[in-house]
Amino acid sequence: MVASGRGAVTRGGWGEPGYTRRPMPEDRPILPERYDPDRVEPRWQAVWDAERAFSSGVLSRDGESMSLPDRDKAYVLEMLPYPSGDIHMGHVKNYTMGDVIAHFRRRNGAEVFHPMGYDAFGLPAENAAIRTGEPPAVVTARNIAGIRTQLKRLGFAIDWDTEISTADPEYYRWTQWLFLRMFERGLAERREAPVNWCPTDMTVLANEQVVDGRCERCGSEVDVRQLTQWFLRITDYADALLDDMDLLTDWPARVLSMQRNWIGRSEGARVIFRTEDGAHEIPVFTTRPDTLFGATFFLLAPEHPLVAALVTGTDRERDVTEYVRAAARSTTAERGAADKPKTGVYTGREVINPVNGARLPVWVADYVLMDYGTGAVMAVPGHDERDFAFARAHALPVVRVICPEGDDPSAPLDEAYVGDGLLTGSGILDGQTVDQAKATISSWLQAHGAGEATVGYRLRDWLISRQRYWGAPIPIVHCPDCGTVAVPDDQLPVLLPEVDDYAPKGQSPLAGSEEFVSTVCPRCGGPARRETDTMDTFVDSSWYYLRYTAPHLERAAFDTDVVDYWLPVDQYIGGVEHAVLHLLYARFFTKVLHDIGLIGFREPFARLFTQGMVYRDGAKMSKSKGNVVPPDEIVGQFGADTLRLYVLFMGPAADDIEWSDRGVVGARRFLDRLWALARHASQAVPGDLIERPGREGLDGDAAELLRKCESTIAKVSEDVAERFSFHTAISAVQELVNLATRVMQGDDAREQGTAGVVRYAAQTAVSVLFPFAPHITSELWEALGGPHLWTVAWPRPHEALLVRDTVTIVVQVNGKLRGRVDVDAGAADADVLGAARVEPKVAAALDGKQVVREVVVPGRLVNFVVK
RNA sequence: GGGGACGUGGCGGAACGGUAGACGCGACGGUCUCAAACACCGUUGGGGUAACACCCGUGGGGGUUCGAUUCCCCCCGUCCCUACCA
């Protein structure tokens, strides 16, 4: 135990009821008999606030230059909360884990940064505003105040000096600034795209507001409308996002795999088909160019721009138009419904297959998606399950161009064959394997101007336009002469106007403020109109971890030197539900900023941990299910330390956990026992902290307890630092407290050596439990005569004390446990075997048998293999 | 359909090739109490025994190993993500 100086100790709050002073030995207060978190917790929270105990000095708060310390740093970050009314158990678990890591790193000598902020733009506050007329800014400010109070009540070691809100103009000014950097580089662009539209509410809906094709609020069927909207070209970074996953060695494999699937890179070819009259080129994307000779028909998505041109004025126009309308009415969800029958309609037109001149009938089918590939597909029913189903349903021919060796290529197929084999009926490709054929045909296409090898992605560009009020305005002006013009940097932020009505009416509520919309063109000075869309809130949260390092900096979004000091984040913690969107967007932003030269790293989060969810009664806690346990209620009943301890004790941090009202009692009982132990120890051996006792002269129990102290330090350190295994760390401390309590109540407790070890055990338990339960341990540590516990170096196990004099060796015969023997720790194998052999039960098991092998695992076990 | 995770007491879980069930909840017994609750102490995988001994036991089946909850293969089951992505 390193710390023994007491100079820094601040004593405050001792006049409160419940505490009494005693005049001995050094005017040290004694603890009340009963642990009362209502008294302990506010006191320490006040100390932390007053001393700004967890504020980092290493920030550019206001732009002044600063020297960056040379020592180990730890940026510990949890995903910032959306400030709805109350925090929930998921937040408690998330932030407690981060808090444990932050405390642990700090006490291990790192310069720690552990900030907090609020993802404050977004729909819930806006919906509340629509209902009540109260401005979203007011609702949000109130909610943030509430959340902050709750977070403080849980005692999180946050750097409160750096708190940010993404809805603050001081913040979104820089969100806008970053948008403009992307706009300059062509990474932000405007184009038409479909949106969900509720005809009753006259509003645009987010995907999650559309349930089964209906508006979640009014239940009417949702339409799809084309609107001109803003996109960020994340697809330009698809390969960088994939390739740099190699840098993310400390990310969960699951998250990487989800991102990989989301990006969905697939290699294939573009093949250009022409209409039979030569009037139109229609490219397709395929991952199976090798099957090109097997194409028997051709498909267009209902939304494909050429559909109308192909059928207008023909006798198929009515049928096709009707089909396209029906498809437009159904939602993506309906169309995607698993094994829905393959519908389609014939256009009466044909396209020419470039490899063999074959004429393929063109159909429109809703299983072809406009936003993947080119929205057109060559159909190869022989080797694609979907095309096969379509061919069957519409009596189209099926031909076979790939055949496993030895099979008869002319035999009819009764399902699509998707396996490997040799090409047949495919001209130049005949006899080649699938892989060879892919290469051959790609070069052929290129040579004949009919296509080329290419790569397709599932990833789409990121649509960031929201026709909503409560978001960062997109800083663009539309000028009749100059077109789309960026708002100059020195005119940022483009502030949200005050409006009377927050409800969208087909366009953003910002359009309702003439004062806002009407402006002058920054380029020509003529009259112009402002962009009225706001940005997706995922934009706000894609860079907040940078702003934390300079929350009030006025000259820039952040200070490059300071950002490069703190970033990448050493430990990021959040829910797995953000595995794709938020984490992908944040990675994208980081890469763009790196390419612009504003930051010196390519990945924002070095280590990621995704926590499990908190369930109750088998379901995720939610208001609608009525199974929410409000953290505040538990804090009121048992205290913040109990809650923090329990959410981590419930199970492995990565797993979903089931809340148990009974289980939380166990955590509180443990703290009660810790209190009793430390209180007893502080009185039995009064005075300052004691040093680690030596082993000499200790009886068995005391020696065992001393060893337990050291093994507990080792176990907690390893579990926290390397394994993210908080529940086993806590149980290790419980074992120590249980053993110390037993020794304390034992016959030898009054003996001086034993009393010393008990006190040392109490000190150890208090010290290593601190990251989990900071209030009670701060209180007990003070009573034990120590300085502020959060400033005390983390203990290191004393290796010599971990070693036992004697060890218990397990003796097996043929792998079955037959007995145990105690031997000297350093005993030679031969002696161990000798001792094992004469153990009565072992001897009985060996009797009359021939030992063919002896296995000795030093310090652990002996196994006799007998016949 | 594709991808991933996981199956251990009544429950949450522990054991990273070496004593299966740590720690906690619950249950049972006891102490305290007029009593109950709380608290504290003890017991608690199944079978078996007066008590030992002993036998069985980590979803099922096989394999590797002196030794498997752990590694490999097959099967069964659960959960999560994703899904007509050409």
Side-chain angles (χ1 to χ4, degrees), chain A residues 34 252-258 260-262 264-266 268 271 284-289 291 299 301 332 335-340 342 365-369 371-380 383-387 389-390 418 456-460 576-577 579-580 612-613 645-646 649-652 654-667 669-670 672-673 676 715 723 725 727-738 741-742 745 808-820 841 844 851-857 859-866:
Chain A
R34 267 187 67 86
R254 182 155 88 110
V255 173
L256 293 177
S257 136
M258 284 168 76
R260 210 168 271 123
N261 291 337
W262 189 262
R265 183 181 200 277
S266 53
V271 184
V284 302
F285 174 74
T286 177
T287 55
R288 296 296 305 273
T291 64
L299 298 168
T332 346
R335 268 172 68 173
D339 18 283
K340 159 176 183 285
K342 293 277 179 289
D366 70 357
Y367 78 91
V368 178
L369 308 175
D371 56 359
Y372 183 78
T374 62
V377 169
M378 65 176 214
V380 184
H383 305 286
D384 181 282
E385 286 170 20
R386 298 153 301 177
D387 297 345
F390 191 87
V418 295
Y457 298 92
R458 208 190 78 109
L459 183 69
R460 314 284 150 81
V576 75
E577 64 273 19
V580 178
M613 284 193 294
L645 207 57
Y646 182 60
F649 184 67
M650 278 192 285
D655 290 7
D656 292 338
I657 49 177
E658 172 85 17
W659 178 265
S660 154
D661 292 322
R662 296 292 324 191
V664 70
V665 176
R669 285 207 278 250
F670 165 60
D672 286 337
R673 272 180 284 145
K715 170 83 173 150
R723 304 202 322 145
S725 183
H727 66 309
T728 52
I730 293 166
S731 76
V733 184
Q734 293 181 335
E735 285 183 53
L736 174 61
V737 171
N738 291 349
T741 302
R742 261 200 305 282
Q745 291 165 343
T808 301
I809 301 289
V810 172
V811 187
Q812 298 179 339
V813 177
N814 282 346
K816 285 197 177 204
L817 176 67
R818 290 300 167 189
R820 297 179 174 81
K841 282 177 201 159
V851 176
V852 296
R853 186 166 171 185
E854 293 160 339
V855 180
V856 180
V857 181
R860 302 215 66 146
L861 149 155
V862 168
N863 189 14
F864 293 105
V865 185
V866 302

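The figures here come from the full heavy-atom set of this structure, side chains too, leaving out hydrogens, waters and symmetry mates. The shown structure was predicted, so the numbers you read here are calculated from the model rather than taken from an experiment. Residue numbering restarts at 1 for every chain, and letters A, B, ... go by the order of the sequence lines.
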### Query
Please walk me through it: do R673(A) and N738(A) pass side chain to side chain donor-acceptor pair (under 3.5 Å)?
CA-CA 8 Å; R673(A) 272 180 284 145; N738(A) 291 349; 2.2 Å; yes

### Query
Closest to the K715(A) side chain: C85(B), C54(B), A15(B)?
A15(B)

#### Entry: Selection from C66(B), A22(B), C84(B) that lies nearest to any side-chain heavy atom of R853(A)
C66(B)

### Task
Please tell me which of G651(A) and N814(A) maps to the more 5' nucleotide of RNA chain B, matching each residue to the nucleotide holding its nearest heavy atom.
G651(A)

#### Entry: Who pairs with G7(B) - Watson-Crick or G-U, where each distance is under 3.5 Å
C76(B)

### Query
When rounded to the nearest Å, what value does the distance between P atoms of U31(B) and U78(B) take?
48 Å

### Query
Expressed in whole Å, how much space separates the C1' atoms belonging to G3(B) and C11(B)?
31 Å

### Task
Answer yes when D371(A) and R460(A) have at least one side-chain N-carboxylate O distance shorter than 4.0 Å, and no when they do not.
yes

### Query
Tell me: NZ of K816(A) to C1' of G57(B), nearest whole Å?
11 Å

### Query
Would you call the rings of F390(A) and Y367(A) parallel, tilted or perpendicular, where under 30° means parallel and over 60° means perpendicular?
tilted

### Task
Determine the Euclidean distance between corresponding P atoms of A27(B) and C81(B); express it in Å to zero decimal places.
34 Å

### Query
Quick one: which of G18(B), U19(B), C55(B) gets closest to the side chain of R818(A)?
C55(B)

### Message
I need the CD-C1' distance between E577(A) and U82(B), as an integer number of Å.
### Response
16 Å

## Note on the structure
Closest non-hydrogen contact found for Y372(A) with Y457(A) is CE1-O, 3.4 Å

### Message
I want to confirm an ordering. Mapping F285(A) and N738(A) to their closest nucleotides on RNA chain B, which one lands closer to the 5' end?
### Response
N738(A)

### Task
Round to the nearest Å and state the distance from Q745(A) atom CD to A39(B) atom P.
16 Å

### Message
Using the side-chain heavy atoms of F649(A), tell me which of these nucleotides is nearest: G18(B), G24(B), A86(B).
### Response
G24(B)

## Note on the structure
Picking from A39(B), U19(B), C84(B), the nucleotide nearest the side-chain atoms of R669(A) would be A39(B)

## Note on the structure
Here the distance between atom P of G4(B) and atom CZ of R254(A), to the nearest Å, is 12 Å

### Query
Closest to the N863(A) side chain: C84(B), G13(B), C66(B)?
C66(B)

### Query
Is G57(B) paired to anything, Watson-Crick or G-U wobble with both distances less than 3.5 Å, and if yes, which nucleotide?
none

### Query
Separation of Y367(A) atom OH from C85(B) atom C1', in whole Å?
13 Å

### Task
Sort out the partner of G1(B) for me: Watson-Crick or G-U wobble, both distances under 3.5 Å, none otherwise.
U82(B)

### Task
Would you kindly give the CH2-to-P distance between W262(A) and U82(B), to the nearest whole Å?
7 Å

### Query
Any side-chain N or O of R386(A) less than 4.0 Å from the OP1 or OP2 oxygen of C84(B)?
no

### Task
Applying side chain to side chain contact (heavy atoms under 4.5 Å, CB included), run through Y646(A) and W659(A) and close with a yes or a no.
CA-CA 9 Å; Y646(A) 182 60; W659(A) 178 265; 3.6 Å; yes

### Task
Look at all strands and tell whether V865(A) reaches a base, only sugar-phosphate, or nothing, counting heavy atoms closer than 4.0 Å.
sugar-phosphate

### Query
Between C55(B), C84(B), A22(B), which one does the side chain of E735(A) approach most closely?
A22(B)

### Query
Checking side chain to side chain contact (heavy atoms under 4.5 Å, CB included) for the pair V576(A)/R254(A): CA distance, chi angles, key distance, verdict?
CA-CA 9 Å; V576(A) 75; R254(A) 182 155 88 110; 3.2 Å; yes

### Query
Of all the choices, G13(B), A39(B), G12(B), which nucleotide is nearest to the side chain of V665(A) once you look at every atom?
A39(B)

### Task
Please work out whether G9(B) sits syn or anti, treating a glycosidic angle within 90° of 0 as syn.
syn

### Query
If we take the P atom in both G24(B) and A14(B), what is their distance in whole Å?
15 Å

### Query
Using a cut-off of less than 4.0 Å, is there contact between a side-chain N or O of R458(A) and OP1 or OP2 of A86(B)?
no

### Query
When the P atoms of G2(B) and C84(B) are considered, how many whole Å apart are they?
15 Å

### Task
Determine the interatomic distance between P on U19(B) and the same-named atom on A68(B); round to the nearest Å.
12 Å

### P gap between A5(B) and C73(B), integer Å
13 Å

### Task
Grab the CG-P distance between N261(A) and C81(B) for me, whole Å please.
14 Å

### Query
Taking the C1' atom of each, how far is C56(B) from U49(B), in whole Å?
16 Å

### Task
Give one of base, sugar-phosphate or nothing for G666(A), where a contact means two heavy atoms less than 4.0 Å apart.
sugar-phosphate

### Message
Determine whether a donor-acceptor pair (one donor, one acceptor, N or O, separation below 3.5 Å) exists between the side chain of R673(A) and the base of C40(B).
### Response
no

### Task
Report the base-pairing partner of U43(B) (Watson-Crick or G-U wobble, both distances below 3.5 angstrom), or none.
A27(B)

### Task
Report the base-pairing partner of U65(B) (Watson-Crick or G-U wobble, both distances below 3.5 angstrom), or none.
none

### Task
Starting from P on G67(B), measure out to CG on L817(A) and report it in whole angstrom.
16 Å

### Task
Look at the side-chain N and O atoms of H727(A) and state whether any lies under 4.0 Å from the OP1 or OP2 oxygen of A14(B).
yes

## Note on the structure
Against the side chain of S731(A), the closest entry in G24(B), C81(B), A22(B) is A22(B)

### Message
On a heavy-atom basis, which atom in E658(A) and which in M650(A) lie closest, and how many Å separate them?
### Response
O-SD, 3.7 Å

## Note on the structure
Rounded to the nearest 0.5 angstrom, the CZ-CH2 distance for R458(A) and W262(A) is 5.0 Å

